[in-house]
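Read the numbers this way: they start at 1 and go in the same order the structure lists the ligands and their atoms. We number each residue from 1, following the sequence as shown.
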Amino acid sequence: MRVITPTLKTTQVGTKYFDSPGIALLCFPSVDLRGTYEFLEQLNCSDYLNDTPLPAAETVCKFAGQLCYKSFGPKRTYNADAKKYFDSIKSQGHGSVLEHVNYGFLLWGVSRSFTHELVRHRQGCGYSQLSQRYDDKPRFVERPEYVYDHDLHTSFCDRIDNAAQDYDEIAKWLRQKHKGETTLERKEVNQVARSLLPNETEAPIYATFNVRALRHILEMRASQHAETEIRRVAFGLYTIVKEEAPLLFDDYEVSERRTLSTAWRKV
Ligand SMILES: Cc1cc2nc3c(=O)[nH]c(=O)nc-3n(C[C@H](O)[C@H](O)[C@H](O)COP(=O)(O)OP(=O)(O)OC[C@H]3O[C@@H](n4cnc5c(N)ncnc54)[C@H](O)[C@@H]3O)c2cc1C
């Protein structure tokens, strides 16, 4: 599974919103070790290429790690024991070998407050986010706490209906004042009108993480101390990458509340 799809919902007056995040894994590693044949042959270790295959992410990280000690010969850790290999990497904090693999995710149905927290993670991460200066059709995100509470849900719907209406009104007024026809003029309208949008405005973002950085994010953001929305996204990221590269993420314990913990934090 590489996609978690949310349902796009509408209030009674037609304001669009999400009540769960969308997560699509778009970029993931592929690897072709055949290019190492001459290198391994010159070390009399070309048998390395006959080992049982592992998922691409694990193959890359294991090869990079084994390069450090030229561990390609018969005394090396074979792929059948790859779990032992990665447990050793993680327990000793040799996390730099996990920086060789990147995953790229489209995240949508997520709020501006979520992305503000996410982008605090800088090391090993890259982001491209929807600009509110180029978007004049804001959608919104309902917090998990509101979804099953009638009063909170109703007040959320009223609030986003009002926000959408206020946004349209001020944008219309600014367009009349400043024409709002060229791209520059539209941008100048949107950049003013967006100032009244709430934190619960949707803010789609494309995010790339290397595995070392992603593990740190999971530990910080899928923890019991993390904020609810980012915790839900972090857990979704975990469910996807755990299938892609089980041995890079198999040390995480999952609680009943879908939080993660590990004995090997911040490898
Ligand atoms: C529950 C929770 C509550 C929070 N509350 C607040 C809050 O109230 N206010 C607030 O401002 N922030 C808050 N944060 C954000 C937090 O302080 C971090 O900014 C955020 O989690 C990013 O993590 P990081 O600093 O580890 O950065 P990352 O970019 O994920 O960095 C990973 C690691 O790289 C190293 N590193 C990164 N950059 C540098 C650097 N410049 N110099 C040296 N080493 C570096 C550090 O070891 C760092 O841990 C909160 C986070 C959580 C999880």
Side-chain angles (χ1 to χ4, degrees), residues 4 20-29 57 60-61 64-65 68 86-130 132 141-147 195 197-242 244-245 247-267:
I4 297 170
S20 65
I23 306 177
L25 175 64
L26 304 189
C27 189
F28 40 85
V60 175
C61 294
C68 297
F86 284 115
D87 283 357
S88 164
I89 290 281
K90 287 183 269 186
S91 63
Q92 294 179 63
H94 287 315
S96 61
V97 299
L98 306 182
E99 294 172 12
H100 298 295
V101 167
N102 286 274
Y103 291 109
F105 299 92
L106 166 67
L107 305 175
W108 80 107
V110 289
S111 72
R112 192 82 174 178
S113 52
F114 159 81
T115 59
H116 188 77
E117 292 193 347
L118 182 68
V119 301
R120 294 295 302 278
H121 294 282
R122 306 144 289 167
Q123 289 296 320
C125 309
Y127 304 103
S128 298
Q129 180 169 23
L130 172 72
Q132 290 182 330
V141 176
E142 181 173 20
R143 291 195 58 77
E145 291 86 348
Y146 301 163
V147 175
S195 62
L197 290 172
N199 262 344
E200 53 205 351
T201 305
E202 190 210 12
I205 190 165
Y206 186 82
T208 300
F209 311 113
N210 73 45
V211 167
R212 190 182 204 180
L214 180 56
R215 283 184 54 97
H216 177 61
I217 291 172
L218 298 183
E219 286 149 31
M220 300 292 283
R221 303 303 186 171
S223 99
Q224 57 174 329
H225 304 292
E227 187 272 337
T228 329
E229 186 186 2
I230 198 166
R231 196 168 75 209
R232 178 145 71 161
V233 176
F235 192 81
L237 296 173
Y238 163 76
T239 59
I240 291 176
V241 293
K242 176 85 194 311
E244 293 290 310
L247 296 181
L248 305 188
F249 301 95
D250 69 348
D251 51 307
Y252 289 111
E253 280 182 33
V254 180
S255 78
E256 273 178 28
R257 295 185 62 219
R258 301 177 115 203
T259 62
L260 300 176
S261 57
T262 176
W264 299 324
R265 285 175 65 87
K266 213 170 181 184
V267 297

(request) Go through the steps for Glu117 and Glu229 under the test side chain to side chain contact (heavy atoms under 4.5 Å, CB included), then give the verdict. (result) CA-CA 10 Å; Glu117 292 193 347; Glu229 186 186 2; over 6 Å; no
(message) side chain to side chain contact (heavy atoms under 4.5 Å, CB included), that's the test. Do Tyr103 and Phe28 meet it? Break it down for me.
(response) CA-CA 5 Å; Tyr103 291 109; Phe28 40 85; 3.8 Å; yes
(request) Could you name the option among Glu227, Lys266, Arg221, Met220 that has the heavy atom nearest to atom 20 (C) of ligand 1? (result) Arg221
(message) Starting from atom 10 (C) of ligand 1, what is the nearest protein heavy atom, named by residue and atom, and what distance separates them?
(response) Arg120 NH1, 3.3 Å
(request) Look at atom CD of Gln92 and say whether more than 12 heavy atoms of other residues, nucleotides or ligands are closer to it than 6.0 Å. (result) yes
(message) My question is simple, although I want it checked carefully: is atom 23 (O) of ligand 1 less than 4.0 angstrom from any protein heavy atom?
(response) yes
(request) Answer yes or no for atom 45 (C) of ligand 1: protein heavy atom present at a distance under 4.0 Å? (result) no
(request) Assess Glu117 for proximity to ligand 1: is some non-hydrogen atom of it under 4.0 Å away? (result) no
(message) Under the salt bridge (Lys or Arg N to Asp or Glu O under 4.0 Å) definition, can you give me all pairs with a residue in residues 95-105, not counting sequence neighbours?
(response) Glu99-Arg212
(message) With side chain to side chain contact (heavy atoms under 4.5 Å, CB included) as the criterion, how do Leu107 and Leu118 come out once you've worked through the C-alpha distance, each side chain's angles and the decisive distance to 0.1 Å?
(response) CA-CA 11 Å; Leu107 305 175; Leu118 182 68; 3.9 Å; yes
(message) How far is atom 35 (C) of ligand 1 from the closest protein heavy atom, and which atom is that?
(response) Gln123 CG, 4.2 Å
(request) Have a look at His116, Glu219, Arg231, Arg122 and point out the one with the heavy atom closest to atom 39 (C) of ligand 1. (result) Arg122
(message) I'd like to check atom 37 (C) of ligand 1 in this structure: does the protein have a heavy atom lying under 4.0 Å from it?
(response) yes
(request) Looking only at protein heavy atoms, identify the closest one to atom 30 (O) of ligand 1 and say how far it is in Å. (result) His121 ND1, 2.8 Å
(request) Please lay out, stage by stage, how Thr208 and Cys27 fare under the test side chain to side chain contact (heavy atoms under 4.5 Å, CB included). (result) CA-CA 8 Å; Thr208 300; Cys27 189; over 6 Å; no
(message) Within the protein, is there a heavy atom lying under 4.0 Å from atom 5 (N) of ligand 1?
(response) no
(message) What protein heavy atom lies closest to atom 26 (O) of ligand 1? Include the residue and the distance to one decimal.
(response) His216 NE2, 2.7 Å
(request) Report, in ascending order of atom number, the atoms of ligand 1 lying under 4.0 Å from any heavy atom of His225. (result) 1 (C)
(request) Take the angle between the ring planes of Phe209 and Tyr127 and call it parallel below 30°, perpendicular above 60°, tilted in between. (result) perpendicular
(request) Kindly indicate whether atom 52 (C) of ligand 1 is approached by any protein heavy atom to under 4.0 angstrom. (result) yes
(request) Report the residues that fulfil side chain to side chain contact (heavy atoms under 4.5 Å, CB included) with Asn199, sequence neighbours left out, ordered by chain and then residue number. (result) Ser113
(message) Within the 4.5 Å heavy-atom criterion, are Phe105 and Ile240 side-chain neighbours or not?
(response) yes
